[in-house]
Amino acid sequence: MNQALAEFGQQALSWKAFFVARARIVLAMREDDGWHLWYSYTAFLRELPQTFEKCDVRTENVRAFREVVPFLDSVEAERAIKELMQHPGRMLVDGENLELAPTSHHLSFDYEPLHLSRFAGPDRLPALTVYWNNQHYQPFVRTKELDQELQRYETPYDGFADLAGALGIPVGFDDLNKKRFSEVVLLTPGTLQVDASENPRSELSKGDLSLILKAHQEFAPEEVKFGIKAFQQKGAPDRFTIDSALVERDAEGFLRARHTLSSPDVPIVQVFVSRQEELIGKWWVRDFGNSFNDRMLLHRSLDVADQLKTSFFERPEQFEDKVLLALTLMGLNALKYGKIITNGPDILAMSASRHVFVVECTTGDINSRGKLQRLSERTKQINERLSNSSNPPVGVIPVIFTSLPREDTAMHWDTAATFRIAIVARENIARFLDLLDAPISADQLYSSTHELGIT
């Protein structure tokens, strides 16, 4: 058995007791020689979703659906895992087994033990990608007919792009034709409650740390371990472990632990959650009345519900303003130009160490109408002018902020690398927002951003 497939299977089977359902997204296309599987996404869930948007399309040339199928017990979950391992490129669609590739020998496998890049976040989400590079690729000649077919459907979609967006397919039609793939993701048996909108949630106040883990009922208190990195206002971080003996399950099923830190002056702690020596995820817990960042304390006098973080990507028309606010909260001196100077960048920002960031913001194609080349040229002009000033910057770096997941920008990585442009994608923004309370220096911010230009 392929090593990546075997490692994924071992991980999946070790968590089988925690899976209560399987969610699937499937896209199959009819070609000249019959039906073929083009894309599928399977997630093994620890709880049934509270809301679920069903999708079911059956046209002459398209079969696409989204479904959630509950498991009766762990035996049924185990059976589903083993079936997937035995036939990783196969999906049952309308009573017919459709294949991703001509034969199983054509399949390739990648195992990501942490998470797929577009799912970057605190939770560990092990994932298997099964793919076939279509050696027989040729452009799909019936694209316009296919779009009209979907537009005429009883629940209409405005072409394939609209259907792909509704299903959450992460690549475009032609790329999918060239490389067909299936993704399988395992949701962890527990997640730490930290968001302001969650009740109950983990809290830190004047050194008193309360941790709340939402976990599957089979996740026993004696199996959990909390690793703590407490960032003190003065001195090095305090590092220790809260042992499972201090963890108990409450009447609502949450796993709880409490600990009093050695100092009350701790603005933020990083929590590493493990189960039987296996990482589940890592989260930040903040003292909302304390911070390394005075700007964050000022910001929280208004944003008590942490809306900047929880709703950052909800309204595209506010994206540029939110990026400006985030840069300001990071400690940068930021100037927004937007429509004021039409031949300039959206934002210019400078750190305390005199690193200059030339920023463009976009919620769509990052290279629309040659955006990357224009950003590169503007950065060169700004660098030349500042270099001739009495106090030149240490470095000038072009940056494009996008609300898209990093994988959705893949087609422009080579262009961005040529122009040395850092792509700050959705998951990178989420990580920066997590670090607003942490003691990050201007040099660390610059180096972290610079690394995003090396794809």
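These numbers were taken from a predicted model, which means no experiment stands behind them.
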Between R58 and D56 (salt bridge meaning N to carboxylate O under 4.0 Å), is one present in this structure? yes
Nearest 0.5 Å, please: how far is OG in S291 from CG in L436? 8.5 Å
Please, which pairs that meet side-chain hydrogen bond (donor to acceptor under 3.5 Å, both in side chains) have at least one residue in residues 16-27, sequence neighbours excluded? K16-E78, R24-E67
Is E277 paired with K225 through a side-chain N to carboxylate O contact shorter than 4.0 Å? yes
Give, for atom CZ of R249 and atom CG of L213, the distance between the pair rounded to the nearest 0.5 Å. 9.0 Å
First locate atom OH of Y39, then atom CD1 of I169, and finally report the distance between them rounded to the nearest 0.5 Å. 6.5 Å
Looking at CG of D437 and CZ of R300, how far apart are the two atoms once the value is rounded to the nearest 0.5 Å? 4.0 Å
With a 4.0 Å cut-off, would you call D174 and K178 a salt bridge? yes
Could you report the tightest heavy-atom contact between T415 and L372, atom names first, then the distance? CG2-CD1, 3.9 Å
If you compare all heavy atoms of I423 against all heavy atoms of A416, which two are closest, and at what distance to 0.1 Å? CD1-CB, 3.7 Å
Does K214 pair with E198 as a salt bridge, N-O distance under 4.0 Å? no
Please confirm whether W283 and F226 have ring centers closer than 6.0 angstrom. no
Going through the distances and angles, do D265 and K234 end up as a side-chain contact (heavy atoms from CB on, under 4.5 Å)? CA-CA 9 Å; D265 200 11; K234 296 181 180 179; 5.9 Å; no
Would you call the rings of F71 and F44 parallel, tilted or perpendicular, taking 30° and 60° as the class edges? parallel
Before giving the answer on side-chain hydrogen bond (donor to acceptor under 3.5 Å, both in side chains), spell out for H412 and D365 the whole-Å C-alpha distance, their side-chain angles and the decisive distance to 0.1 Å. CA-CA 9 Å; H412 301 304; D365 182 358; 2.7 Å; yes
Kindly assign one of parallel, tilted or perpendicular to the pair W38 and F173, based on the angle between their ring planes and the thresholds 30° and 60°. tilted
Here the gap from L100 atom CG to H36 atom NE2, rounded to the nearest 0.5 Å, amounts to 11.0 Å
Can you pull the salt bridge (charged side-chain N to carboxylate O under 4.0 Å, His left out) pairs that have at least one residue in residues 309-319, sequence neighbours excluded? K309-D434, R315-E317
